[in-house]
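Naming convention: chains lettered A, B, ... in sequence-line order (proteins, then strands); numbering from 1 in each chain. Note that this is a predicted model, so its numbers are computed, not measured. Both backbone and side-chain heavy atoms feed into the values below; hydrogens, waters and symmetry mates do not.
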Amino acid sequence: MRFTDLLIPTLRDAPADAEIASHILLTRGGFIRRLASGSYNWLPLGLRVLRKVEAIVREELDRAGAEEILMPVVQPAEPWQRSGRWDVMGPEMVRLKDRHDRDYCLSPTQEEVVTELFGGTVKSYRQMPRNLYHIQTKFRDEIRPRFGLMRAREFIMKDGYSFHMDEASFEETYAAMHACYSAILSRIGLDFRAVEADPGAMGDGDSHEFHVLADTGEDRLAYSPTSDYAANVERAAAPALADDASIETLSRVATPGARTIADVAGLLGVESRRCIKTLIVHADGGSDERPALVALVLRGDHQLNEAKAARVPGVKRPLNFAADAEIEASLRVQAGSIGPVGLPIPLLVDGSAATLKSFVCGANQDGYHYTGANWARDVGEAIRTADIRNVEEGDAAVDGSGALRFMRGIEVGHIFKLGTKYTDSLNVAIQDAKGAEVAPVMGCYGFGVTRCVAAVVEQCHDADGIVWPDAVAPFDIHIVAVNNTKSEQVRDTADTLHRTLSHEGFSVLLDDRDERPGVKFADADLVGIPHRITVGDRGLRDGVVEYRRREAPDVQRVPVAEVTPTIRASLPR
RNA sequence: CGGGGUAUGGCGCAGUCUGGUAGCGCACCUGCUUUGGGAGCAGGGUGUCGGGAGUUCAAAUCUCUCUACCCCGACCA
């Protein structure tokens, strides 16, 4: 391909709205252009990368025994109504009507449609198990699209769904998909980690996320440097820390105006880890006007993990903080002076707060706190404890392997168990060997294709531009023809190399523009094609061209006739 | 949705406080010179100053309002 035949609008300046490397470089390099918030046009260069990622995903899934299908983006409301999700999906799902006033949605995911497709076509255990996937545009009206392709409203996802007669069969496919995702990311050439994850609204079963490691990632991952253990911080179990203090006497002190842990700790001259904070959230039961409340109690230096707290029985899910007015109506004290001593609502205490022998807490009277409080003596034995905090760097890993460390990642894949949620609600049953009807167990496997393109750039770039891994580069080889419009020899040599290398099966981009060399070199670095050949009069006087790899600065002078073997040696087909 | 911010040529920005009829760099077009890391000179085109309403002799600038976009939080591939 010739540069002049492709629309590659490189930019010297980044658009002001782009903040992270992938967004800036993909825009500057002419790979993508924004259409609206969270939606992007893919230009020729960008589309070539996207197709390469797709092809790898497709090949690895096919190899792992999954079958590709394609389902519609615009879907009728009925399957969603049957599963009950038409009402629970909320504004994230875009809805529309056709000319007959019938309801439709833009597909944010495919559980309903694939389950009904499966149910209508598979009847016998002899046809089981099945593992169906497709690669398709998804639309989610995100609360806040951001970071370019990273969190877009319209994006391309590979979503797969497996159906099984029993758990054992499901486990087998789950393991196969786990291995498949690792193979995909390894082939692309990414540094990644599979971590234990929170299955979110999808259930309580096994769940793993695949993260591309990058400092700009939105997720924090906890891992053990000395074992295989790794988990999303949202999910990672937090140990109950021991307390070395001694029991003190309870006394009430005035703390006027001190509302935060930092205020109280500063005023009383104690460490924040010796204070506890009491957060009031809605409990199950109660009415809209007068919701039932429950108090979540944590050490002052710890952060509440909302997902963990919401999973504790009795706590309303999703977690909902009580409004100040509700707190004052029920407890007759303002937030800031609440504490567990004498509090008339149920307490749910984090493990590390429950082990404190002596602590500072709100006195349930505005402007007062207790010091020297003790659980058994001042609150009573009947408290519930649970792990409801975020782990912190340095906490012990649950597998006993030592202190956890943190890193950041970009979630490009998520696999989890769906159980029989959809086969039950959509009445899909398969006959087993004895003729009995069984609701199949489902697994669900998502991979963000467009997000993955952004993740590659986040991990593979330098100050000058993108550094594509061979596997997903838009082209294998970038020929920079220096002063090609002036030098016939340069033009002819570049054309010949272009032709020969293409015949060898490499994809080649020839920069044949009438631009100064500096412009071409800068664009070549920006666009990031991994192998570059520079053809110029300077080298051709000695019968050589220059070869360098995008990732390394060293330049190799190569006789024109040796170009093909040189490339073949460093870029095996 | 809560909080913060931005909107001026294709891109990046100044001008807004203190109203006087729009400017800079890059990009683009023409010509000449130049040509191995984002060239120089000369000439040229390019704007509903986000939309609407208002104040005023006069509005990019002041007022009201709407919209779009970005950043921080809850959500997710």
Problem set entry | Sugar-phosphate, base or nothing in reach of A:Gly413, heavy atoms under 4.0 Å | sugar-phosphate
Exercise. Nearest to the side chain of A:Ser37 - B:G12, B:A77, B:C70?
Worked result: B:C70
Exercise. Taking CG from A:Leu319 and P from B:G73, how many angstroms apart are they, rounded to a whole number?
Worked result: 18 Å
For this session: Check the pair A:Leu304, A:Phe321 against side chain to side chain contact (heavy atoms under 4.5 Å, CB included), reporting the backbone distance first and the verdict last.
Result: CA-CA 12 Å; A:Leu304 174 68; A:Phe321 284 94; 3.7 Å; yes
Exercise. Checking all strands, does A:Glu209 fall into the base, sugar-phosphate, or nothing category for heavy-atom contacts under 4.0 angstrom?
Worked result: nothing
For this session: Go ahead and name the base partner of B:A53; Watson-Crick or wobble counts if both distances stay under 3.5 Å, otherwise write none.
Result: B:U63
For this session: Would you mind pulling out the nucleotide paired to B:G31, Watson-Crick or G-U wobble, both distances under 3.5 Å?
Result: B:C41
Problem set entry | Euclidean distance for C1', B:A60 against B:C71 (whole angstrom) | 25 Å
Seminar exercise, completed: Picking from B:A27, B:G12, B:G37, the nucleotide nearest the side-chain atoms of A:Asp525 would be B:G37
Exercise. Is A:Arg220 close enough and on-axis enough to A:Phe406, meaning under 6.0 Å and within 45°, for cation-pi?
Worked result: no
For this session: Tell me which nucleotide among B:G12, B:G36, B:C71 gets nearest to the side chain of A:Glu546.
Result: B:G36
Exercise. Base, sugar-phosphate alone, or nothing: which one does A:Asp159 contact when heavy atoms must sit under 4.0 Å apart?
Worked result: nothing
Problem set entry | Closest-nucleotide ordering on RNA chain B, the 5'-leading residue of A:Phe147 and A:Glu218 | A:Phe147
Problem set entry | Test applied, side chain to side chain contact (heavy atoms under 4.5 Å, CB included); reference residue, A:Asp512; option that passes from A:Asn484, A:Asp5, A:Thr485 | A:Asn484
For this session: Would you kindly say whether A:Gln110 and A:Asp159 are connected by a side-chain donor-acceptor distance under 3.5 Å?
Result: no
Exercise. Can you find a side-chain donor-acceptor pair between A:Tyr422 and A:Arg85 that sits under 3.5 Å?
Worked result: yes
For this session: Report which part of the nucleic acid A:Lys158 touches: base, sugar-phosphate, or nothing (heavy-atom distance under 4.0 Å, all strands).
Result: nothing
Problem set entry | Distance in angstrom units between A:Lys486 NZ and B:C32 C1', rounded | 12 Å
Exercise. Which nucleotide in the set B:C76, B:C11, B:A27 lies at the smallest distance from any side-chain heavy atom of A:Arg140?
Worked result: B:C76
Exercise. Which nucleotide, B:C13, B:C70, B:A77, lies nearest any side-chain atom of A:His414?
Worked result: B:A77
Problem set entry | Closest nucleotide among B:A77, B:C75, B:U35 to the A:Phe416 side chain | B:A77
Problem set entry | Any A:Arg144 side-chain N or O less than 4.0 Å from OP1/OP2 of B:C72 | yes
Exercise. Does the B:G37 base have a donor-acceptor partner in the side chain of A:Arg532 within less than 3.5 Å?
Worked result: yes
Problem set entry | Nucleotide paired to B:G23 in any strand shown, Watson-Crick or G-U, under 3.5 Å | B:C13
Exercise. When you compare B:U6 with B:U48, how far apart are their P atoms, in angstrom units rounded to a whole number?
Worked result: 22 Å
For this session: Scan A:Tyr181 against the nucleic acid and name what it touches under 4.0 Å (heavy atoms): base, sugar-phosphate only, or nothing.
Result: nothing
Problem set entry | Sugar-phosphate, base or nothing in reach of A:Val482, heavy atoms under 4.0 Å | base
Problem set entry | Whole-angstrom distance between B:U63 and B:A77, as gauged at atom P | 45 Å
Exercise. So, is A:Arg146 close to the B:C72 phosphate, meaning a side-chain N or O under 4.0 Å from OP1 or OP2?
Worked result: yes
For this session: Using a heavy-atom cut-off of under 4.0 Å over every strand shown, decide if A:Ala152 touches base, sugar-phosphate, or nothing.
Result: base
Seminar exercise, completed: From CG of A:Asn320 across to C1' of B:C1 the rounded distance in Å is 13 Å
Exercise. To the side chain of A:Glu19, which of B:C11, B:G38, B:C71 is closest?
Worked result: B:C71
For this session: Considering only atom C1', compute the distance from B:C57 to B:U21 and round it to an integer number of Å.
Result: 13 Å
For this session: Between B:G38 and B:U55, how far apart are the C1' atoms? Round to whole Å, please.
Result: 48 Å
Exercise. What about A:Arg151: does its side chain form a donor-acceptor pair under 3.5 Å with the base of B:C76?
Worked result: yes
Exercise. Looking across every strand, which nucleic acid part, if any, lies under 4.0 Å from A:Arg548 by heavy atom: base, sugar-phosphate, or nothing?
Worked result: base
For this session: Tell me what A:Arg513 touches on the nucleic acid: a base, only sugar-phosphate, or nothing, going by heavy atoms under 4.0 Å.
Result: nothing
Problem set entry | Phosphate contact (B:A77 OP1 or OP2) by A:Thr109 side-chain N/O below 4.0 Å | no
Problem set entry | Value in whole Å for how far the P atom of B:A77 lies from CZ of A:Phe192 | 18 Å
For this session: Verify the stacking flag for A:Phe155 against B:A77: centroid separation must be under 5.5 angstrom and the ring planes must differ by under 30 degrees.
Result: yes
Problem set entry | A:Arg2 with A:Asp511: basic N within carboxylate O range, under 4.0 Å | no
For this session: Could you state the atom-to-atom distance from CD of A:Glu234 to P of B:G73 in whole Å?
Result: 13 Å
Problem set entry | Watson-Crick/G-U partner (both atom distances under 3.5 Å) of B:C1 | B:G73
Exercise. Under 4.0 Å between a Lys/Arg side-chain N and an Asp/Glu carboxylate O for A:Asp462 and A:Arg550?
Worked result: yes
Exercise. Does A:Arg48 count as lying over the ring of A:Phe475, i.e. NZ or CZ under 6.0 Å from the six-ring centre, within 45 degrees of the axis?
Worked result: yes
Exercise. B:G9 and B:C49: how far apart are their C1' atoms, nearest whole angstrom?
Worked result: 10 Å
For this session: Check every strand shown and say whether A:Arg153 touches a base, only sugar-phosphate, or nothing at a heavy-atom separation below 4.0 Å.
Result: nothing
Seminar exercise, completed: Side-chain contact check for A:Asp17: nearest option of B:C69, B:A77, B:G38 is B:C69
For this session: With heavy atoms under 4.0 Å as the rule, sort A:Ala18 into base, sugar-phosphate or nothing.
Result: nothing
Exercise. Phosphate oxygens OP1/OP2 of B:G38: is one of them under 4.0 Å from a side-chain N or O of A:Arg516?
Worked result: no
For this session: Whole angstrom is fine here: how far is it from CZ in A:Arg85 over to P in B:C76?
Result: 12 Å
Exercise. So what does A:Glu142 touch, heavy atoms closer than 4.0 Å: a base, only the sugar-phosphate, or nothing?
Worked result: base
Exercise. Nearest of B:C72, B:G12, B:C69 to any side-chain atom of A:Arg34?
Worked result: B:C69
Exercise. On a whole-Å scale, what distance lies between the P atoms belonging to B:C72 and B:G36?
Worked result: 43 Å
For this session: Could you tell me whether A:Arg549 and A:Asp554 have a side-chain N and a carboxylate O separated by less than 4.0 Å?
Result: no
Problem set entry | A:Asn483 (side chain) and B:G36 (base): donor-acceptor pair under 3.5 Å | no
For this session: Provide the distance between the two P atoms, one in B:C41 and one in B:A22, to the nearest whole Å.
Result: 27 Å
Seminar exercise, completed: Here the distance between atom P of B:C11 and atom CZ of A:Arg33, to the nearest Å, is 9 Å
Exercise. Toward the 5' end of RNA chain B, which comes first, A:Arg451 or A:Asp523, by nearest nucleotide?
Worked result: A:Asp523
For this session: State whether the side chain of A:Asp263 and the backbone N or O of A:Thr260 hold a donor-acceptor pair below 3.5 Å, judged by distance alone.
Result: yes
Exercise. Picking from B:A77, B:G38, B:G12, which would you name as closest to the side chain of A:Val519?
Worked result: B:G38
